[in-house]
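Written below as structure tokens is the structure these notes are about.
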Amino acid sequence: MVINGTELIAVDCNEKFSGVCIYNFDYSIEDTYCRQKLDENCFASTIGFVDKCFCVQSGNQTDKSCDKLAVLKDPYQKRIVAKNLYRNQFCWIGRNSISDLSLTTHPDWSNRTNRNRNYSVIGNDGRIFEYGRELDCAICERTINENNRVRLQLKHNLTSNYIQLEIFNAIDAYQGVICFTGNVRNFINLTMSTAEYVVVHLWPYNQVKEDTWCKTLQLPHMDVVFSNHIKKNTHEGNIFSVTWTAPITNISYSDNISCPSVKSGIVKYIKLVSQLTIHELNKTEIVCHLHIIPTGYTTLDEYAILKEAVKNSSLVCENLGSVNMCFATESTSGSKTLHWPQANVGCTVVSQELCFQSDGLPVTRTCSGNGIAAAHWLPVVGSCAEVSIPPVTVLLNEILRAPPATASRDLSLLTDHEENLDAFQIHLISQILSNMATNNNVSIKDTMSTVSNMMKFPPSNLRSSQSLLNSTDIILWSLDEILLHVATKTDASGFMSEGDDMLLMQVTNLKKTDITGLKLLSSDSQGFNKTSLETLRHSPSGNEIEDNVDLALIIPQDLRTEIMECAGSKESPNVITSMFHNDLLFNEKGNATGKCDGKILSVLLPGFNCTFSAPLQVIFRANSTSNGEVKCVSWSYGVNEMMQSIHGHWSIEGSPKDLGNSSYKLCEFSHTTHFALLVLGDTQIGEGHTKALDVITAIGSGLSILGVLVILLTAVLFKSYRATNGVVINFSMSMGAQIIFLFIAGSAGHDLTLCTIFGALLHYAVLSQFFWMLTIALLQYQRYVIIFSSPPTHLVAKSCLFAWGVPLIPVITIISVSTANYGKNSSGLCYALGNYFIFGVIVPIVIITIVNLLIFLRIMVSIIASRRIKVHQDRAQACLLQLRLAFMLFFLLGLTWWFGFFATIGGGVVYAYLFCLTATLQGFVLFLFFIVLNEKTKSLWISITRCWRKSKDYDVTQDSASSVMMRRNQINSTDSCTDSTSDVLRRLKNRNTSEF
């Protein structure tokens, strides 16, 4: 076995390797995790943590004992299962190639071998047996719910005067949590803990002299989770990373390796973070961090000073740079010079110049770093192309260069009139708001109007802008910063409020008021009303919440007192609250955690630098009718504790408490950000829907294959059918090939050659099917719209040349570039990859589908117009014929694929069902219209059955010649068998005669 990344791969025993690593793996921690997350009968399914476990489940009905039988994909998994079985215990498992290789028949069981079964048996000795007798258990595969994220919260506990760590969802933290303060560390072991919530006192607050922070690994995928920082020095300077190298002979291993001294007045201290010896190059590499004291210099000035200082070191300086950011730089694209702004690690930015690729997307660049070496720019993505720039983009770029105070009004007016802005234009707005956040004279009214208008933009454009450039996160951050600037501008009564139909804001001074919270009343309109926001002067219980309240914030008295007495906020103890009408600005990258149920609340406490003595209480009104699990969540975005830019996501805080009124949920939060109630998985097709869609697809594909086979059989048997239905026959062949190659390409295994072959064949079959649909569309257009044109000569030959020949061009082109352009995609299907998939598959399909839709609409208009002329025709019969034609053309032209497009762009599960129900039945609908409902074709099958039945009335081997001739004359006089039918009967009779 060879380790390739994180997988064990079986290799040929004749292969040679430079070394062998032998591992003794302890599964106890993984087993414990499975048991804690699922039940006591579960255990690890493989090496390391994954989101799937194997479980021993009682049952005697083979694969019906659980939703999915465990499939052993690697040989070592047999030992994993075996050690969790009792002596002489046998259980059902799923069947695959690994189990088939070692399949035997148990000597005590009857030999009932059936290799077509999808299950086999495993015993406690690790051997896999063929099916033999009834068993009482099965090894099931179960998936762990990954929605519960670990959260680490550091606080200064004022009662004990200790730094306190709260661990939420502790069961999902790998082994434990490690906390740091300076060079001191503390490891909290959680391997034996089964608690979801853990509180630990770390160090006495007065003894901690440096920043404190913690981290852990999130199971099952080992994502790093950081806590917040408790800072002892609020004026922390920058951190630079310097890499030194020296020949190995110059390094003394008798002494501890340390960083060279750097003589500079701005360096606070130096810390060794990495040391690597490279024997092949005869050198040692040392990475050190230079912690800079707070200065009045810019980061670039500090870099220039350090660049001179490190030259005087005894070692060779290979690299120097900031750990957290990439400096502003330049690059060229063609004849254009691009200027890239300074960016934090993880940020993707656009150049200051307007530079677009040929597809309209901006040219981008990403700042990369790992927290150890100096941050660096990744290569530029894309190149500048000569494309027309929309006027709105030009205008936004001008506003971006304008002073922030004047930009706010212009931006508000523009977003009032322009709603369908693209992803790059949304990014420009985010940059304008970011500039406005640095100015204290920005109009809060214009800012609220702009952000409210953006919450009406197309959701797909907002998602695209966030995915590409983190734009909606920048908008949320900018709004928070602007609100913090106006926090002191309350009136004499201690209030200030502003808002629009999608966004409300209120600032409340706790010294000037006696409020304990606020509530948002429901409204029949499609947006907010400022009069709907009311204050609370006592903490209501669940029973006291009126039915017309959408949202409520409660500030406990202890927390209210703490805000007023905390050193950072006591001069101006303000509470800033914002209410968002929808979640369009909260876009997660990749698959969404869930769907927000109701309004979103943001809370800011300007200057508050103490810990929460009591949590904020937020009451949400639950509106969703979904059965999904409901959680209290907060929005995590901006930068993590390593100063790396992250994409925003919902962090699960815990489960809400049900109040007296079942529609209200109470959540508690011990920090400030955006809060919401989330229905988990509500944005995705659930596992139940997935299984149902798979069943529908399998049934539909089976019916289509059956319909295609009947059509092809009809063509083989009847010459007259072949002569008049050449296009339909070829279309059926392409459809059948597509279904067959789709199945093969999905199960081609790891053989690269086979994957390339069947990926290319599937690509060709799919394109051929669509080109035949385009051919049919053009022929139907000529038949129903042009009408009086003469039919083309050699129609079938020309159609074959077009529909079978043109698809060869992209397939051959892709293969000629490289066979590696075909391979397994993210769905495990052998197919075209990358841009070859986009331009070789998606683009032709989209173009053909659009053309076919336009032809379909034109045909229907023509048919309806002709109906108005023929007033004498039976209206009911005419409508029936038109509906039948529309139904046939809808399937024949592939318009069912529009349902698939709508489902892909977020149309929901309904479109997914419509697509699977219609697209998979195309071959069966073809069979209905061209065989069952076609009178001429149906008569061919009826005549052949009649002639066959009557031909049985005599036997040419036994009857006399005169009686045979008499019966043949009777058949010919009473039936109208087609020539092709008579030919078939003649061949059948001759075959029977030869057999005797």
Side-chain angles (χ1 to χ4, degrees), residues 697-716 721-722 725-749 751 753-777 779 796-815 819 821-825 827-832 836-837 840-842 844-845 848-849 852 891-897 900 915-916 918-931:
T697 302
I699 295 174
S701 299
L703 290 174
S704 285
I705 283 290
L706 182 63
V708 167
L709 289 176
V710 174
I711 291 174
L712 296 179
L713 180 61
T714 305
V716 171
Y721 185 86
R722 292 196 301 273
N725 292 275
V727 173
V728 173
I729 294 169
N730 279 276
F731 180 35
S732 301
M733 292 169 61
S734 69
M735 194 184 311
Q738 181 264 331
I739 296 174
I740 294 171
F741 288 133
L742 179 63
F743 173 79
I744 297 175
S747 55
D751 191 314
T753 303
L754 286 178
C755 194
T756 300
I757 293 172
F758 288 112
L761 289 174
L762 175 62
H763 184 192
Y764 176 69
V766 169
L767 290 183
S768 296
Q769 183 180 355
F770 274 87
F771 273 91
W772 275 112
M773 288 190 285
L774 178 60
T775 301
I776 292 172
L779 292 175
V796 176
K798 292 178 180 178
S799 299
C800 286
L801 184 63
F802 174 72
W804 290 119
V806 174
L808 285 172
I809 298 173
V811 175
I812 294 175
T813 301
I814 293 174
I815 291 178
T819 56
N821 294 326
Y822 287 101
K824 278 193 176 293
N825 58 20
S827 301
L829 182 70
C830 292
Y831 214 23
Y836 296 98
F837 171 73
V841 182
I842 299 297
I845 288 177
I848 291 174
T849 309
N852 284 5
F891 281 84
L892 207 59
L893 306 189
L895 301 184
T896 56
W897 280 75
F915 177 66
C916 290
T918 56
T920 60
L921 288 173
Q922 192 176 33
F924 186 71
V925 171
L926 221 64
F927 160 72
L928 291 178
F929 275 96
F930 289 93
I931 301 295

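- Separation of atoms CH2 (W772) and CH2 (W804) is listed at 7.0 Å; rounding is to 0.5 Å.
- Minimum heavy-atom separation, C830 to L762: O-CD2, 3.9 Å.
- Rounding to the nearest 0.5 angstrom, the gap separating the CD1 atom in I739 from the CD atom in Q922 is 8.5 Å.
- The minimum heavy-atom distance linking T849 with G894 is given by the pair CG2-O, 4.4 Å.
- Between Y836 and T813 there is no side-chain heavy-atom pair separated by less than 4.5 Å.
- Looking only at side-chain heavy atoms (C-beta outward), L774 and F802 come within less than 4.5 Å of each other.
- Residues F891 and L926 form no side-chain contact, since every pair of their non-hydrogen atoms from C-beta on lies 4.5 Å or further apart.
- The minimum heavy-atom distance between L767 and P810, with the atom names listed, is CD1-CG, 3.5 Å.
- Here I729 contributes atom CD1 and L712 contributes atom CG; the two are 7.5 Å apart, rounded to the nearest 0.5 Å.
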Going through the checks in order, is the side chain to side chain contact (heavy atoms under 4.5 Å, CB included) test met by I931 and Y721? CA-CA 10 Å; I931 301 295; Y721 185 86; 3.8 Å; yes
Worked check of side chain to side chain contact (heavy atoms under 4.5 Å, CB included) between V766 and Y831: CA-CA 11 Å; V766 169; Y831 214 23; 3.6 Å; yes
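- In this structure, V708 and F927 have side chains that are not in contact, with every pair of non-hydrogen atoms separated by 4.5 Å or more.
- Smallest separation of non-hydrogen atoms from L921 and G700: CD2-CA, 3.8 Å.
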Please walk me through it: do M735 and F731 pass side chain to side chain contact (heavy atoms under 4.5 Å, CB included)? CA-CA 6 Å; M735 194 184 311; F731 180 35; 3.6 Å; yes
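- Judged by distance alone, with hydrogens and angles left aside, the side-chain atoms of S704 form a donor-acceptor pair with the main-chain N or O of T920 at under 3.5 Å.
- The distance from atom OG1 of T714 to atom CG of L709, rounded to the nearest 0.5 Å, is 10.5 Å.
- Here the CG atom belonging to L895 is positioned 9.0 Å from the CE atom belonging to M773, to the nearest 0.5 angstrom.
- The distance from the CD1 atom of I814 to the OG1 atom of T756 is 12.0 Å, given to the nearest 0.5 Å.
- Smallest separation of non-hydrogen atoms from A765 and F741: CB-CD1, 4.0 Å.
- Of all heavy-atom pairs spanning H763 and V811, the tightest one is ND1-CG2, 3.7 Å.
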Working note: F924 + L928, criterion side chain to side chain contact (heavy atoms under 4.5 Å, CB included); need CA distance, chi angles, decisive distance, verdict. CA-CA 6 Å; F924 186 71; L928 291 178; 3.8 Å; yes
